[in-house]
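To start, the structure itself, in structure tokens.
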Amino acid sequence: MVPNFSSNDVQGNGDQGEEALNSAETSNNELDFDNFILEIEPETASFEAETIQTKPESNPNLQVQFKSEGGRLLLILPPAPEKSRNPVHWEELRRQLKERISGGERFLQPHTPVHLIARDRLLDSQQVQEIDALLSDAQLPLKRIYASRRQTAVAAATAGYSVEQQTTLSHLGQGQEASRQAMDEPLYLQTTLRSGVEVRHRGTVIVLGDANPGSSIVAEGDIFIWGHLRGVVHAGAGGNAQCRIMALHMQPTQLRIADKVARSPDDPPAQYQPEVAYIGPDGIRIALATEFALADLTKKESP
Amino acid sequence: MSRIIVMTSGKGGVGKTTCTANLGMALAKAGQRVAVVDADFGLRNLDLLLGLENRIVYTALDVLAGECRLDQALVKDKRQPNLALLPAAQNRSKESIKPEQMKRLIKALTKVYNFILIDSPAGIEMGFRNSIAAAREAIIVTTPEISAVRDADRVIGLLEANDIKAVRLVINRLRPAMVAAEQMMSVKDVQGILSIPLLGVIPDDEQVIVSTNKGEPLVLEENLSKAGIAFTNVSQRLQGEKVPLMDLSIPQESFFTRLKRLFGM
């Protein structure tokens with residue numbers, strides 16, 4: 001049995017697209033104000049010609065990420081901004097890197113050699129040095145740089161780093177069709193996520209701290225908040241409806257799991273207890289964490 | 001033809017967003033179809049003032065990226081279905097959108113809405129340029145302080161340089177008592193410097209803070225506060241009605257209060 005606790009707290013809201021679709025047939029000339037479709041005009045042709053050569057990265061959930069592999073740490077940068085649906089420019093990249101370094105202090109063991117995977121990003125020597133400086137703040141030595149762009153490789157080499165230029169990154173599985181199903185290892189963050197911070201991760205996200213209003217987490221796996229959840233969180237962003245959101249203090253602006261959306265009740269409850277959000281038969285539901293774990297176990301035992 | 005109005009000030013914290021929320025709501029109440037557009041990318045607030053934060057699914061940037069249609073990003077107000085909000089993205093900077101893209105968004109909105117209010121960010125940089133790109137009219141919001149008036153003056157100049165000629169003034173947070181004691185610039189002082197037509201004067205009112213925190217614009221209240229009445233009046237003037245300026249002079253002291261003061265109580 002799935003407990004019903006506070007199932008009224010959230011209201012499913014994930015079907016607004018359908019509603020709008022139905023109205024397309026009804027009227028063509030006269031706009032029905034209660035039910036209309038509105039689209040912006042496509043960008044002008046000249047602009048399109050520029051972008052057409054670059055194939056945009058299909059996965060928007062790519063940010064700076066650390067990955068441990070055989071005793072070394074891979075620092076993988078997001079793809080070049082001009083190729084991404086969710087472009088990460090240098091300023092943003094530096095901020096993300098700072099946040100990851102300060103947020104994962106205990107996960108990042110000092111003196112672990114770091115290999116920077118620059119992919120197809122364009123970096124100048126100053127930017128490479130800046131990345132190195134950020135890493136050395138966490139006592140992480142930058143050992144080697146992999147880049148597929150020649151300019152980046154040259155810039156890194158002139159700055160005095162050992163460089164390897166590669167044309168493809170197939171062994172890392174980035175952007176490969178086959179590897180897209182596999183999720184990344186969980187992202188552990190010990191930090192407060194403030195307004196405007198967006199964490200995107202192809203896997204589970206664990207936050208030891210609060211997620212403030214205005215912050216957002218988009219994870220392809222589960223989301224655990226060991227603290228107050230007050231922002232927007234999206235678990236199972238890749239479409240996995242089995243994903244869950246857990247928080248010690250569940251007071252989100254909005255919860256999203258796969259393609260379902262729910263928002264908090266207008267009158268907040270007087271008391272908060274650890275809760276779990278999951279997709280039930282009628283949209284997103286919320287259960288007490290303690291009862292949820294029990295229900296989950298009994299469900300597995302029954303045939 | 002739809003009216004596209006940018007709400008701007010130059011200086012921050014003078015009440016642009018409060019004015020946009022209340023004016024939008026007042027116009028919608030009067031039966032107009034209103035879209036309010038948050039152009040403050042990275043520091044969005046308009047959704048909070050309207051109490052719509054938790055209904056946002058897509059933002060203007062998602063529309064531009066082709067992730068959704070424009071109507072999917074619009075958040076309709078449950079209390080007043082004539083009002084819709086086009087939210088800004090919170091996780092990006094002002095540079096993430098170009099004036100040309102803003103124009104495309106607004107152009108599409110004009111097909112459905114007859115009033116489009118654009119809430120501009122403070123400053124005169126990229127965010128400001130985006131917010132004025134599609135506008136045909138402007139409302140300058142200022143407080144009776146020299147710094148706010150100075151910045152407003154600069155912005156009026158920039159608007160004129162960008163061919164936005166219909167510029168009108170809202171003076172926010174006026175304290176009649178302080179004006180009477182000559183401690184605050186009067187409406188006349190402000191108008192003397194800016195020399196643009198006056199659309200309204202909003203008195204300083206603690207209720208504004210209450211309504212902001214509740215996410216319910218003042219003009220929705222049953223018993224309108226003074227500021228609520230002033231916002232409603234501004235919306236009526238914006239629709240071409242002739243409404244006299246509210247009498248903001250302080251009420252005469254009663255006999256008892258005068259007596260009390262006489263005895264130093």
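First the proteins, then the strands, lettered A, B, ... as listed; each starts at 1. Excluded from the calculations below are hydrogen atoms, water molecules and symmetry mates; all remaining heavy atoms, backbone and side chain alike, are included.
Around the NZ atom of B:K107, the shell of radius 6.0 Å holds no more than 12 heavy atoms that belong to other residues, nucleotides or ligands. Under a cut-off of 6.0 angstrom, the local environment of CG in A:D267 is sparse, with at most 12 non-hydrogen atoms contributed by other residues, nucleotides or ligands. Within 6.0 Å of atom CZ in B:R79, more than 12 heavy atoms from other residues, nucleotides or ligands are found, so the atom counts as buried in its surroundings. By the neighbour-count criterion of 12 heavy atoms within 6.0 Å, atom CD of B:E241 is densely surrounded, having more than that number from other residues, nucleotides or ligands. For A:R194, the CZ atom is loosely surrounded, since the number of other residues' heavy atoms within 6.0 Å does not exceed 12.
Proximity to chain A (any heavy atom under 4.5 Å) is shown, for B:L61, by neither the backbone nor the side chain. For chain B, the nearby parts of A:S195 are the backbone and the side chain; heavy atoms of each come within less than 4.5 Å.
Taking each heavy atom of B:E53 and A:G214 in turn, the nearest pair found is OE2-N, 4.1 Å. Nearest approach of B:K111 to A:L38, heavy atoms of both residues: CB-CD1, 4.3 Å. The minimum heavy-atom distance between A:R256 and B:V57, with the atom names listed, is NH2-O, 3.1 Å. When all heavy atoms are compared, the tightest approach of A:T253 to B:N54 is O-CB, 2.8 Å.
Rounded to the nearest 0.5 angstrom, A:R263 CZ and B:I56 CD1 are separated by 12.5 Å. Rounding to the nearest 0.5 Å gives a distance of 14.5 Å between NZ of B:K103 and CD1 of A:I40.
For B:K76 and A:F33, the positive end sits near the middle of the six-membered ring, less than 6.0 Å away and at most 45° from its axis.
Here the side chains of B:L70 and A:F36 are not in contact, with every heavy-atom distance at 4.5 Å or above.
B:R104 places a side-chain N or O within donor-acceptor distance of the main-chain N or O of A:E41, the cut-off being under 3.5 Å.
No other option in B:N82, B:D47, B:I106, B:L43 has as many heavy-atom pairs under 4.5 Å with chain A as B:N82.
For the side chain to side chain donor-acceptor pair (under 3.5 Å) test, no residue two or more places apart in sequence or in another chain qualifies with A:H234.
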For residues 5-15 of chain B, please give each side-chain donor-acceptor pair under 3.5 Å, one per line with the distance, not counting sequence neighbours.
| unit_1 | atom_1 | unit_2 | atom_2 | d |
| --- | --- | --- | --- | --- |
| B:T8 | OG1 | B:S120 | OG | 3.3 |
| B:S9 | OG | B:K11 | O | 2.5 |
| B:S9 | OG | B:K16 | NZ | 2.9 |

